[in-house]
Student: 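Would you mind keeping the following structure in view while I ask a few things?
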Amino acid sequence: MGKGKVKLVEGGLRHDGRRLDELRPITISVGVLKNANGSALVEYGRTKVLAAVYGPREPQMKHILLPNRAVIRCRYHMASFSTYERKSPTLSRREIELSKVIREALEPVIISELYPRTSIDVFIEVINADGGTRTASVTAASLALAEAGIPMKGLVAGVAVGKIDGYLALDIDEVEDMYGEADMPVAIAPSLRQITLLQLNGVLTPGEFTQALELARKGVEVIHEMQKEALKKKYLDVKVEE
Amino acid sequence: MGKGKVKLVEGGLRHDGRRLDELRPITISVGVLKNANGSALVEYGRTKVLAAVYGPREPQMKHILLPNRAVIRCRYHMASFSTYERKSPTLSRREIELSKVIREALEPVIISELYPRTSIDVFIEVINADGGTRTASVTAASLALAEAGIPMKGLVAGVAVGKIDGYLALDIDEVEDMYGEADMPVAIAPSLRQITLLQLNGVLTPGEFTQALELARKGVEVIHEMQKEALKKKYLDVKVEE
Amino acid sequence: MGKGKVKLVEGGLRHDGRRLDELRPITISVGVLKNANGSALVEYGRTKVLAAVYGPREPQMKHILLPNRAVIRCRYHMASFSTYERKSPTLSRREIELSKVIREALEPVIISELYPRTSIDVFIEVINADGGTRTASVTAASLALAEAGIPMKGLVAGVAVGKIDGYLALDIDEVEDMYGEADMPVAIAPSLRQITLLQLNGVLTPGEFTQALELARKGVEVIHEMQKEALKKKYLDVKVEE
Amino acid sequence: MSVTPSAEFLIPKLKSDVIISMLGRGVRPNGRKVDEVRPITVIKNYIPNADSSVLVKLGNTQVLTGIKLEVGSPFPDTPSEGNLMVNAEFVPTASPVFEPGPPDENAIELSRVVDRGIREARAVDLSKLVIIPGKKVWNIWVDIYVLDHDGNLTDASSIGALAALMLTKLPEVEVRDTGEIVVDRNNRKEQPLLNRSVVTVTIGKIGNYVLVDPDLEEESLLDSKFSVAVTDDGLIAGLQKSGMGYLAEDELPLLVNMALNKGKEILSIVKALLKDS
Amino acid sequence: MSVTPSAEFLIPKLKSDVIISMLGRGVRPNGRKVDEVRPITVIKNYIPNADSSVLVKLGNTQVLTGIKLEVGSPFPDTPSEGNLMVNAEFVPTASPVFEPGPPDENAIELSRVVDRGIREARAVDLSKLVIIPGKKVWNIWVDIYVLDHDGNLTDASSIGALAALMLTKLPEVEVRDTGEIVVDRNNRKEQPLLNRSVVTVTIGKIGNYVLVDPDLEEESLLDSKFSVAVTDDGLIAGLQKSGMGYLAEDELPLLVNMALNKGKEILSIVKALLKDS
Amino acid sequence: MSVTPSAEFLIPKLKSDVIISMLGRGVRPNGRKVDEVRPITVIKNYIPNADSSVLVKLGNTQVLTGIKLEVGSPFPDTPSEGNLMVNAEFVPTASPVFEPGPPDENAIELSRVVDRGIREARAVDLSKLVIIPGKKVWNIWVDIYVLDHDGNLTDASSIGALAALMLTKLPEVEVRDTGEIVVDRNNRKEQPLLNRSVVTVTIGKIGNYVLVDPDLEEESLLDSKFSVAVTDDGLIAGLQKSGMGYLAEDELPLLVNMALNKGKEILSIVKALLKDS
C-alpha cells in the first residue's frame, strides 16, 4: 500500500480510463460446473473467480457438525498461475484469513438453522488475480449458494473502494491497490442493508471513510442487479431446456 | 533417462559383463523378521529390498475399512542411506506414486474378500538402491504376503526391461537406467498370465514394446521359480524345526 | 558443551559471584492465571517458566484415553523471544524430547488412577531461557498440578548440576552450560526419595556423578521448601479473600 | 478451510437473557459502562532475552509481547526497507479451548489485523531499518503470546505490540571492511523506533447493543465484532468486521466515532503507563 | 501410505449389470462407440497472469492449465538445462469426493504420468531454456487445475499440458553487465517452445471389455486403466497401468494399437483447435 | 505434546505375576541372568551405497545403521568443525505398533540419547572434518533404521552407531583452484574417524528388580529404564531416565556400576566382532 510513485489519476480518469466511481466490466455466469450443487464464475475486469457449493451434506469429519444448524466450510484459494509471480499452492496466512472473512460475510445471510448436522461447503478458486479477489469471491459464492438452492435471506455482493492519489475510487484493481493509499473491501446484502464484510488496509480520515462506504454501497447495488439478472437468465435457460 | 554419453553395450555384453537377456544375481530370503506376520529380503544385484506384512488386522484408523473386503495398505520407502546421495526420510512424490503402483500390483492376486473390515499392511523398505527397486519390491512383498498366510491367487514377481544403446536389456541397473533410453518395469503373476504392474519411462517403438514385454515375461518366470524355491525352503526349514 | 575457553570459576566464585553450591535467586508464584485450573510462574535467576494445568477433563481426542487411569498430556515449549536468537515457534526435536522427559518426571507422583478416561494437561511455556529451563519446568508444573487439586504423592522439584572448570556447580546458567564440561538435570520428589528425572549431557567420572547427585539433592530440598511455602502463601491468600 | 465454530463457552439461556435485558438498560454484567475499557496494566522489559517486551493485562486478559531484532536481507522488491513481522500464538495455558499447534485462523487473523494497523499507520519507518542499502536490514519480529484469555485478545495484543515497539531502540552496529556486521546490543540509539502510535479498538455487537472491549463472557453472546485501528492523530488505519453477524449500514458512524474516542483514550493511558514505570 | 480406496461412486447393481450387458453388445451407456473420445474443446489464454494457458473440456471434464516461466538456477547435475515441473491440483470444486489439501496419490500419479510423457518424448528441449550457462535458466511450471471431474482426468490434463506448451513462447531477456536479468514478457521469441507433440490415451477395462476415454460413470465400473503416452510420430513415450485389476498378457497388443490410433486422432484435433481459435 | 502411552503389549496378569516371581528368584523368563546381555552380531558393510554400515542384531532386535558423508557448510558459530547428525527411524516393518510417519517422541529421544553419548565423549573429533576452514566441512549423517523390535532399541542403536563409525574413513578430497571440491570415495584416509568408543547400557526396573538389556516382553513390565553412556576409559558420557516410574535415590550407585561393567563388556565384544569378520 502507498508507494505513491505512480500517477494513478489524471484529468479525473484512472490508469485504465475509468471514472472514479466506475466499476470494471463485470461478467457473471451461474451454473458453470456439472458436479457442484451450485457454481458461479465472476469476473471484475481481469480478476476471475470461480465458486462452487456442495451441500447441505454430511462431511467425513463428523466432529465439526453442530446440533442446531449447518456449519459453513469455506476455502478461498489462489491458483498457482493466478498471480503475477507463481504462488505456492499451499494455503498462505492471507488465504487462511480471507477464508474466514469470506465465510463470515456469508454466515449472516445463510439460513443455516434449516439443516442441522450438515455442512455447506463453499470452495473458491481465484483463477486470475487483478485486485478485488475477496469481494468478487463473495459475489460468486453468494450466487453458487443460490444455485445450490441454499435458503438465504438475501444475496451478498462485494466491491472494494480505494484511495488513490488522494481520490476515492470504486473497484480498484491491483495497480491501484499497490500504489494507492488505501483499499477498503466491502460486502453488503443490499436487500437487508447489512454490511457483512468490512476491512480496511490503509489510512482514511473519518470523513473519507463515510464517503468510501457510500461509494461501495452504490457499486454493490449495481453488482447486485447483475447477480439477480444472472440468476434470472439461469432460471430462463433451465425453462428452455425443459 | 537417455543422456547417452556412456557406452553401455560392447561386444554384446553390458557394463557389468551380463548378456542382454541375463538377470543380475538374485537372492531371496523369506521370514527374516521376528515380529512381522510375513517378511522377505530380496536382492537383485546390489539392489536390496525388505518387505514385511502385518495383518489381516484391525487398524487404528477405522474409517478406511471396507465392509466387503480387506483394505491393502502399502508403503514403499527408501532408507536415507539407500541412495547415492542421502535421501530425506520424508516420503517423496515418487515414493507416493510407487506405493500406489505397488499396491495395485498386489491387489489383483490377494483374495481380500476373505477378511472384510480388516487391513493387510505391506511395508517395503529399500535398503540399497541400484535400479529395479519397485520390481524387487513386488517380488519381496508377494513372498511376505505368502509367509503371512494371506490367501493369494498366485505369486507376483517383477523385473524391469531397459533400452540401452539401442538394445533391449533385461533387469537394468541404475547406470543403465540413468544413461539408457528407456526403463519399463513389469510385474506379472505368471500362473495367471496377468500383468499387474506396467510402466514405461522412456521411448519405445510399438515393435520394441512387444519384444520388451516378452523379455520381461521370461525374466519374471525365472524369478517366479526362485520365489517358489524360497518358499519351499522356508517350509522345509520349518519342518526341520518341528 | 565444553568449549572451555571462558574462565568460569575464579577464587571459588562463579561468573555471577555465586559459590559452587549456591542456587540462583528463585521466585515462585502460584495461581497466576485466571482460566487454568492451576498455574505457577517460577524463576531461577533470569530463567522464567510458566506452567498451567487443565484437567482432569475429557479431551477432544478420545482415542488417547485409558480405561484405568488419567493420561498426562505435557507440552514443553519455548516462546520465540525466550532465547538469545529468535526461536521458531514450531516444536523442535529438543522440545519433543523434553516434553516426554518432563511428563515422565511427573508421572510417578500423580495419582492418575483416580481419574480414568480423563486427561490432565500440563502446558509449560518458557518465557526466558537462561539455563535450567527443564528443571524449572518440573518445579512449576508440580505446583500447577497442586493448585489444580490433582492428588499427588508428593511435590517434585528440579535443579541442574554442572561441571565447570573441573568443579561441580549447583544450578548452572546458560553461560556455564555452554562453556562447561557437563550438565546434569535432576528432578526429585524429596518426600519419597524418588528421582523422577535424570539426564546427563557431558562427561563425569563415577565419583563426580555421586557428588553431583548429592549436590542436586541438597538444591532440590531448598527448592522444595520454597514450593511448600508458596503453596502455603497461596492458601493463606485464599483465606484472606474469603 | 474456515469452519463455523461451535459456541466456545455456552452460557445458560437464563443468564444470557438476563445479560441482554441488562444491556437494554445500558448496564453490563461486569458493571462497566457500555463504552468503558477494562483497567490496563503494563509491565515493561519482562523478557531479558528480548530486545524489548511488555506484559499487558487488559482486565484479566494477559498478553506477553516480545520483540527481537535480527540482521537480515531485504526483500528483493523493497531493497531499501527493513521488515516487520507480527506473529501471534494462542498459548494453551490461556484457555481450556486452546490446543497446542500452529496458529489457527483466529490467531492468524489477529496477528494480521495488528500488523496492518502498525504497517499502514507507518508506526515504524521501515526505511530507517537499513544497515547496508540493498544488502542488510533490521528485521523486527513482534511475537505476541496470549497467556490468559478473558476476552478482546485483539486490543490487548495491539496494546502489547504498540507498547513493545515504543520501548524498542535499535542497537548500534558497526560495519567492518569485510562486510561483517557487529551488533552491540548494550549500546542503543537514543531515538525510539516508533514514530506514530496506533491501537485497535474493538466494539462488540449483541443485537442492537454495542459495547467496547468485550470480556470473555460478553464475547460468548456477541453477534459480531468490529475492530478499528486508530492513530494518535485521529485517523482510521484499519478496519475488520468479524464474527457471524453483520453491521447495519446506519450504525457505522456511531461505531467509528466510539472507536476513535476510545482509541485516543487508550493511547494516552499506554503512553502514561510507559512513562510512569 | 497407499490404501485401497472405497468405491467412490456406488452405482446400483442393477444399473451396473445393464451397462455391462450393453458393453457386451459394443454399446456404451453414453451412446459412444467403444473407441470414441468425447468432444474436446480448448479455450486459449484463459488466464491473463499466466505465460500461457488453456481451459480444456473433455466432455464434461474441465481442466485448467497455466504455465508460468520463471528465471531460476539449474540443478547442479544438469547445468546446461532448464527445468520442467508438472503439478496437478484436484480442486474441491471438481467433485464431491475431493477434499482441500495437498495433492493425494491420485493427483501425484497423474502429474507424474503427464510429466514423464512430456519429458521422455523430449517435447520441450530443456537445453533451449538456458539463459546464462550453468547459472540462469528458465523454469517451466505447468500447473494443472482440475475444476470439474467427469472422468479421465489424465487425458484431459495431458491435453491441457500439451496445448498450453504449444502456446508457450519464451520472453526476450536481456543480460546486463551486472549479471542482472531483465525479462520482457511483452516481447517473446517467434519460435514456440514445443518441438514434439505427445498426449496420453487412457483405456479402461471392465472385465474383457475395453473402452477409450472412460467417463465418471464408466470409471466407477473399471477393473483397471491403462494410459499410453503417444507421440506425433507414432512412438510410445510412456505407459501406466493403474487400478485394482490386471492386464491380460494377450490383450496388450490390442490396447497399445488402440492407444496409438486414438493418440494420433487426439493430437490432430488439438492442433486444429489451437490453429482455429 | 507428550501423552501417557497405552501399554503397548498387554501381558496377561497371570504371566506377569509369574515373571515377577521368577525375578524374585534372580531368574529371567528368557533364562538370562539379571546382568546378562543378549548375543550381539554385526554384519559389516551391509549397504553398498552408504559410506559405512552395519546390521546389528541384539538378540532378535535388528537395527540397520548407515553413514553418509556429505560435503557441506559449517554452522556460522562453529566455523572450524564439521557436523554430526544422528537420526532414528522406527520402520513399520519392526513392530505391529509402529505406524509410518515422521519420528515420534520415542524415536527422537533415542536418536538424541545416542547422539549425546557420541558427541559428549568426543568419539568423533569434529575439528578433523574441516575441508576448507570456515567454508567446507564434512557432514556425517548417522541414520539408524530399526527393522525388528524385540526390546532395548537404545542399546542396539548405540552399538550400531558405534560400529558404523568405527568403520568410517573419510574419502580423499581434492580442492581445485576454482574452489570446487572433488571427492574420491574409492580412496579413503588410513586413519579411522573414531577416536574414542562409547556405548549406552540400558537397565530396566521392575519394582525393586533390575535387569540389563530388557527384551520386549520384559519391557512391557518395566516401571522405568535407565540408560548410561559408557566410554572405553570408564567414564559416564550420558544418562537418561525414562519411563513412567522413578529411580530410588539409594539404588543409583548399583545401577551406575552395573552399567559401567556391562559397557566395558559390550565395547570389547563389538571391537572383537569388527576385527573378526
Side-chain angles (χ1 to χ4, degrees), chain C residues 31-41 43 45-61 73-91 95-96 99 119 121-131 133 140-141 144 148 173-174, chain D residues 6 8-9 43 45-55 57 59-62 64-72 85-103 107 111 139-151 160 164 183 185 215-217:
Chain C
V32 296
L33 300 178
K34 175 178 180 283
N35 282 319
N37 298 119
S39 61
L41 184 72
E43 301 179 48
R46 285 163 35 111
T47 285
K48 202 178 278 198
V49 172
L50 173 70
V53 166
Y54 285 92
R57 61 177 179 175
E58 214 182 308
Q60 278 182 17
M61 301 178 303
R73 301 198 307 157
C74 179
R75 186 179 86 142
Y76 163 95
H77 183 253
M78 302 183 91
S80 323
F81 39 62
S82 68
T83 48
Y84 188 70
E85 308 231 345
R86 181 179 183 270
K87 193 203 150 283
S88 155
T90 315
L91 273 196
E95 286 168 307
I96 291 171
S99 295
S119 143
D121 299 346
V122 180
F123 300 123
I124 292 157
E125 199 69 27
V126 176
I127 284 169
N128 201 71
D130 190 34
T133 61
D173 65 15
E174 186 145 319
Chain D
S6 63
E8 296 187 347
F9 292 97
I43 302 178
N45 302 322
Y46 197 77
I47 310 158
N49 281 338
D51 284 284
S52 69
S53 60
V54 287
L55 175 66
K57 298 189 192 179
N60 281 315
T61 288
Q62 289 192 55
L64 187 55
T65 304
I67 288 182
K68 299 288 267 187
L69 301 166
E70 287 181 347
V71 175
M85 270 101 26
V86 178
N87 178 53
E89 301 282 325
F90 285 8
V91 183
T93 58
S95 160
V97 302
F98 290 175
E99 279 286 312
S111 62
N139 290 328
I140 305 181
W141 280 98
V142 180
D143 279 295
I144 296 167
Y145 276 62
V146 174
L147 300 182
D148 210 358
H149 176 9
D150 194 33
V183 174
R185 284 179 199 268
D215 65 22
L216 191 63
E217 189 179 57

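The sequence lines fix the lettering, A, B, ..., with proteins before strands; numbering per chain opens at 1.
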Student: With only heavy atoms counted, which part of C/Val32 is less than 4.5 Å from chain D, the side chain, the backbone, both or neither?
Tutor: backbone
Student: May I have the step-by-step check of salt bridge (Lys or Arg N to Asp or Glu O under 4.0 Å) for C/Asp121 and C/Arg57, ending in yes or no?
Tutor: CA-CA 8 Å; C/Asp121 299 346; C/Arg57 61 177 179 175; 2.6 Å; yes
Student: Side chain from CB out, backbone as N, CA, C, O: work out which of these in C/Thr83 comes under 4.5 Å of a heavy atom of chain D, or both, or neither.
Tutor: backbone
Student: Measure C/Tyr54 against the heavy atoms of chain D and call it side chain, backbone, both or neither at under 4.5 Å.
Tutor: side chain
Student: Would D/Tyr145 and D/Phe90 count as a close aromatic pair, with their ring centres under 6.0 Å?
Tutor: no
Student: Can you tell which part of C/Lys34 gets under 4.5 Å to a heavy atom of chain D, answering side chain, backbone, both or neither?
Tutor: both
Student: Shortest non-hydrogen contact from D/Glu89 to D/Asn87?
Tutor: OE2-ND2, 3.2 Å
Student: Can you name the closest pair of heavy atoms from D/Pro92 and D/Phe98 and give their distance?
Tutor: CB-O, 3.6 Å
Student: Check each atom of D/Pro100 against the heavy atoms of chain C and say whether the ones under 4.5 Å are side chain, backbone, both or neither.
Tutor: both
Student: Measure D/Asp51 against the heavy atoms of chain C and call it side chain, backbone, both or neither at under 4.5 Å.
Tutor: neither
Student: Under a 4.5 Å cutoff for heavy-atom pairs, which residue among C/Ala51, C/Ala36, C/Ala79 has the most contacts with chain D?
Tutor: C/Ala79
Student: Sort C/Arg86 into side chain, backbone, both or neither according to what part of it lies under 4.5 angstrom from a heavy atom of chain D.
Tutor: both
Student: Is there a side-chain contact between C/Leu33 and C/Leu50 in this structure, where contact means two heavy atoms from C-beta onward sitting under 4.5 Å apart?
Tutor: yes
Student: Quick one: which of C/Ser39, C/Pro59, C/Ser82, C/Gly55 has the most heavy-atom pairs under 4.5 Å with chain D, could you say?
Tutor: C/Ser82
Student: With chain C as the partner, which of D/Asn60, D/Leu64, D/Thr93 has the greatest number of non-hydrogen pairs under 4.5 Å?
Tutor: D/Thr93
Student: Can you check whether D/Asp150's main-chain N or O pairs, donor with acceptor, with D/Thr61's side chain at less than 3.5 Å?
Tutor: yes
Student: Could you walk me through whether C/Arg73 and C/Phe123 pass side chain to side chain contact (heavy atoms under 4.5 Å, CB included), step by step?
Tutor: CA-CA 8 Å; C/Arg73 301 198 307 157; C/Phe123 300 123; 4.2 Å; yes
